[in-house]
Peer 1: 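Handing you a structure now.
One is the number of the first residue; the rest follow in order along the sequence.
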Amino acid sequence: MADPKGFLTTGREVARTRPVGERLKDWNEVYVPGSLLPIISKQAGRCMDCGIPFCHNGCPLGNLIPEWNDYAYREDWQAASERLHATNNFPEFTGRLCPAPCESACVLGINQPAVTIKNVEVSIIDKAWDSGDVTPQPPERLSGKTVAVIGSGPAGLAAAQQLTRAGHTVAVYERADRIGGLLRYGIPEFKMEKVHINRRIEQMRAEGTKFRTEVEIGRDIDAAKLRRRYDAVVVAAGATVSRDLPVPGRELNGIHFAMEYLPLANKVQEGDFVAPPITAEGKHVVVIGGGDTGADCVGTAHRQGAASVTQLEIMPRPGEERNANQPWPTFPMLYKVTSAHEEGGERVYSVSTTHFEGDEDGNVQFLHLVEVEFKDGRLEQKAGTERKIPAQLVTLAMGFTGTDQANGLVQQFGLELDERGNVARDADFATNVEGVFVAGDAGRGQSLIVWAIAEGRSAARGVDRFLTGASELPAPIRPTDRALTV
């Protein structure tokens, strides 16, 4: 274990963020570079000899958290990196983007601030990259089998890397112009700089994984033909169909899905545009949806120079401490202040949009809303609470409803869907079509990055067994596993 008295002698300390006025002038990550290493060993030392590490239950990857905490405490960074990579292909992604259900399940968190597991994780991997400890791991021999992976988000990349290292020849197909899926174009640069994706891609190329961009299976290549070309296929296309808001005025100019708005800001950082075709500059911005994607829209609007930013959430404001019906070690719904919220704007809870109002040119100008409350499990409007707020740019960040079926991929493969509209699969992540597997949000539905990576690793085992009759690849989760909630 780490320091036996660390949790008694050391308080929780997290990464420092740069001043708001400074970080709003650029798109770099919000944290002070290098601020974690001076404190992280002592923070890792807060990990207890708790007997049963419930953090393992909170993390679907089964990360060996007490082990790499111990190595980080002793500053054995190479050993810490090895233990970290034993269960997670991309800890630099999860260390920046995961909401850390492991910390909610930390035993210390029963009555004290939990161990800063996420900060320890990102410190270990950043140190590993800086020290040259992250190197390609090409297979010792090739199996002669070929696999196509559709989608290059975290699930697709994890499956591809596992299968490549198992000796199979893997090609990843991505419909966008760059590899990374939502990591590339859905996550703003200030949350994760894209250098972290780029160097993982180069590692995977060196291991033998092939990448094909700007190829959409279903439109550019018939899915059935793809299946005949490869020995197996992994569908990791995500759940990319955005939830819409069918209210009067939805057709007005200036109302966009979050995934129409966010990628354009990232493309500016990639050098594709000088200025984004959709911008918040000088506009009153309203973000509909209180989750992480909504917060990403808030932070992006701030950096583009919005006149004001308002974020709307239909649910009541969560509490700042666990409710009795969300006990440890479950992942609680808590009031969260992200770096984007620190930068300004207004958050409004328990409201619902009734309609939009535009000008004579068809541009949105106002959003009309009403307060709502739950009664007997039903959402009801509160009479006399209607009002309107200025809205010259509206982003819809209300989540996603399933994988894209408009491109023909599902129909051309002949895939069966479950009752929630996700691609159905068996215990090996196999679909009803022989040799076709599914991983990530396409099969699970909208979820977290840590679940996506776990799905990719588990599906890779199913594919490996299908191709060779047996597999030594790990499978951290089953398709039916769900987050630790009540």
Peer 1: Of all residues at least two apart in sequence or in a different chain, which pass the ring pair (Phe, Tyr, Trp, His ring centres under 6.0 Å) check with Phe437?
Peer 2: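 Result, ring pair (Phe, Tyr, Trp, His ring centres under 6.0 Å) vs Phe437: Phe466.
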Peer 1: Please list, chain by chain and in numerical order, all residues satisfying side chain to side chain donor-acceptor pair (under 3.5 Å) with Ser471, sequence neighbours excluded.
Peer 2: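 With sequence neighbours excluded, Ser471 shows a side chain to side chain donor-acceptor pair (under 3.5 Å) to Asp464, given in chain and number order.
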Peer 1: Not counting sequence neighbours, which residues clear side chain to side chain donor-acceptor pair (under 3.5 Å) with Gln311? List them please.
Peer 2: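 Side chain to side chain donor-acceptor pair (under 3.5 Å) list for Gln311, sorted by chain: His341.
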Peer 1: Excluding sequence neighbours, so at least two apart, what forms side-chain contact (heavy atoms from CB on, under 4.5 Å) with Pro276?
Peer 2: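 Expected list: Leu264, Val268, Thr279, Gln304.
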Peer 1: For residues 108-128, pull every pair meeting salt bridge (Lys or Arg N to Asp or Glu O under 4.0 Å), keeping only residues two or more places apart or in separate chains.
Peer 2: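 Every salt bridge (Lys or Arg N to Asp or Glu O under 4.0 Å) pair that includes a residue of residues 108-128, provided the two are not neighbours, is Arg96-Asp126.
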Peer 1: Run the salt bridge (charged side-chain N to carboxylate O under 4.0 Å, His left out) test against Asp426 and tell me which residues pass, sequence neighbours left out.
Peer 2: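 Not a single residue meets the salt bridge (charged side-chain N to carboxylate O under 4.0 Å, His left out) criterion with Asp426.
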Peer 1: For residues 151-160, pull every pair meeting salt bridge (Lys or Arg N to Asp or Glu O under 4.0 Å), keeping only residues two or more places apart or in separate chains.
Peer 2: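 Checked against salt bridge (Lys or Arg N to Asp or Glu O under 4.0 Å) - neighbours excluded - no pair reaches residues 151-160.
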Peer 1: Please name all residues satisfying side chain to side chain donor-acceptor pair (under 3.5 Å) with His85, sequence neighbours left out, ordered by chain then number.
Peer 2: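 Scan of His85 (side chain to side chain donor-acceptor pair (under 3.5 Å), adjacent residues dropped) gives Ser81, Arg200.
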Peer 1: Glu75: what forms a side chain to side chain donor-acceptor pair (under 3.5 Å) with it, not counting sequence neighbours?
Peer 2: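 Residues passing side chain to side chain donor-acceptor pair (under 3.5 Å) with Glu75: Ser41.
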Peer 1: Could you list the donor-acceptor pairs under 3.5 angstrom formed by side chains in residues 146-162, with sequence neighbours left out?
Peer 2:
unit_1 : atom_1 : unit_2 : atom_2 : d
Thr146 : OG1    : Asp231 : N      : 3.2
Thr146 : OG1    : Asp231 : OD2    : 3.3
Ser152 : OG     : Glu174 : OE1    : 2.7
Ser152 : OG     : Gly180 : N      : 2.8
Ser152 : OG     : Gly181 : N      : 3.4
Gln161 : OE1    : Asn89  : ND2    : 2.8
Gln161 : NE2    : Gln203 : OE1    : 3.1
Gln161 : NE2    : Glu207 : OE1    : 3.3
Gln162 : OE1    : Asn89  : ND2    : 3.1

Peer 1: Which pairs pass salt bridge (Lys or Arg N to Asp or Glu O under 4.0 Å) with one or both residues in residues 445-462, sequence neighbours excluded?
Peer 2: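 Listed once each, the pairs are Arg425-Glu455, Arg444-Glu455.
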Peer 1: Write out all pairs satisfying salt bridge (Lys or Arg N to Asp or Glu O under 4.0 Å) with one or both partners inside residues 329-342, taking only residues at least two apart or from two chains.
Peer 2: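 Residue pairs with at least one partner in residues 329-342: Arg23-Glu342, Asp292-Lys336.
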Peer 1: Would you say the side-chain atoms of Arg317 pair up with the backbone N or O of Tyr349, donor to acceptor, closer than 3.5 Å?
Peer 2: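 No: the side chain of Arg317 does not pair with the backbone of Tyr349.
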Peer 1: Taking Glu270 first and then Lys194, would you say they form a salt bridge - that is, a charged N and a carboxylate O separated by under 4.0 Å?
Peer 2: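 A salt bridge is absent here (no side-chain N lies under 4.0 Å from a carboxylate O).
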Peer 1: Quiz question: by atom type and distance under 3.5 Å, do the side chains of Asn198 and Arg184 form a donor-acceptor pair?
Peer 2: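 Present: a donor and an acceptor within the cut-off.
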